[in-house]
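Notes for the one structure printed next.
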Amino acid sequence: MNEELASTVGKAAREARSRLGLTQADVAERVGIAMDVYSRMERGRVLPSVTTLRRLCQVLGIDANVLLGLVEPPPREVAPAAVPRGEDPPGLRRLVRVLRALGPGELRSVTQVVQGALGLLRR
């Protein structure tokens, strides 16, 4: 593996992700890879496959030449992303990931707390 290229790809991906206000888990989910794989990619430990590179470019709104370090990014290449139509906002996706890790009893408790809070808010 070319360590310099992996580092270049990782740095560009991290900067684009930060500009979008996304977490590593958000990007990994949208690209369709495991979060730990994406994390290693950002740290320059692994290079993406061509298919993953293409999806990364689409998700991060970044040109492949910028991601590969062939050209410098424009001063403000990516505007803060709006949530695409039909897609849940990042905060909701993070909450769902947390809820999925709960056991049945814990999930019932959280549901009761949320329903109680919503009841208070609707008064």
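Everything numeric here is computed off the predicted structure, so don't read it as measured data.
Here the side chains of L95 and L99 are in contact, with some heavy-atom distance below 4.5 Å. Using a 4.5 Å heavy-atom cutoff, the side chains of I33 and M41 are in contact. Side-chain contact between L53 and L68 is present, with at least one heavy-atom pair separated by less than 4.5 Å. Side-chain contact between L60 and R17 is present, with heavy atoms from C-beta onward closer than 4.5 Å.
The cluster map of Ile, Leu, Val, Met, Phe, Trp and Tyr, joined by side-chain heavy atoms under 4.5 Å apart, puts L47 and V50 in different clusters. Hydrophobic clustering (side-chain heavy atoms under 4.5 Å, transitive across Ile, Leu, Val, Met, Phe, Trp, Tyr) keeps L120 apart from V110. Both V66 and L70 belong to a common hydrophobic cluster when Ile, Leu, Val, Met, Phe, Trp and Tyr are linked at side-chain heavy-atom distances under 4.5 angstrom.
Here R97 pairs with E29 in a salt bridge; the nearest charged N to carboxylate O distance falls below 4.0 Å. Between R45 and E3 there is no salt bridge, since no side-chain N of the basic residue sits under 4.0 Å from a carboxylate O of the acidic one. Using a 4.0 Å cut-off between charged nitrogen and carboxylate oxygen, D26 and R30 do not count as a salt-bridge pair.
Between the T111 side chain and the L107 main chain, a donor and an acceptor come within less than 3.5 Å of each other. Panel note: side chain T8, backbone E4; a donor-acceptor pair is recorded below 3.5 Å.
Interatomic distance, CD of Q58 versus CZ of R55, reported as 8.5 Å (0.5 Å rounding). Rounded to the nearest 0.5 angstrom, E15 CD and L67 CG are separated by 10.5 Å. Of the inter-residue distances, the one linking Q24 atom CD with R14 atom CZ reads 8.5 Å to the nearest 0.5 angstrom. Atom-to-atom distance recorded for R40:CZ and M35:CE is 10.5 Å, nearest 0.5 angstrom.
Residues meeting the side-chain contact (heavy atoms from CB on, under 4.5 Å) test with R108, sequence neighbours left out: P104.
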- [ ] Determine, stepwise, if the pair T23 / V27 fulfils side-chain contact (heavy atoms from CB on, under 4.5 Å).
- [x] CA-CA 6 Å; T23 66; V27 174; over 6 Å; no
TODO: Go through the steps for C57 and D63 under the test side-chain contact (heavy atoms from CB on, under 4.5 Å), then give the verdict.
DONE: CA-CA 6 Å; C57 291; D63 185 276; over 6 Å; no
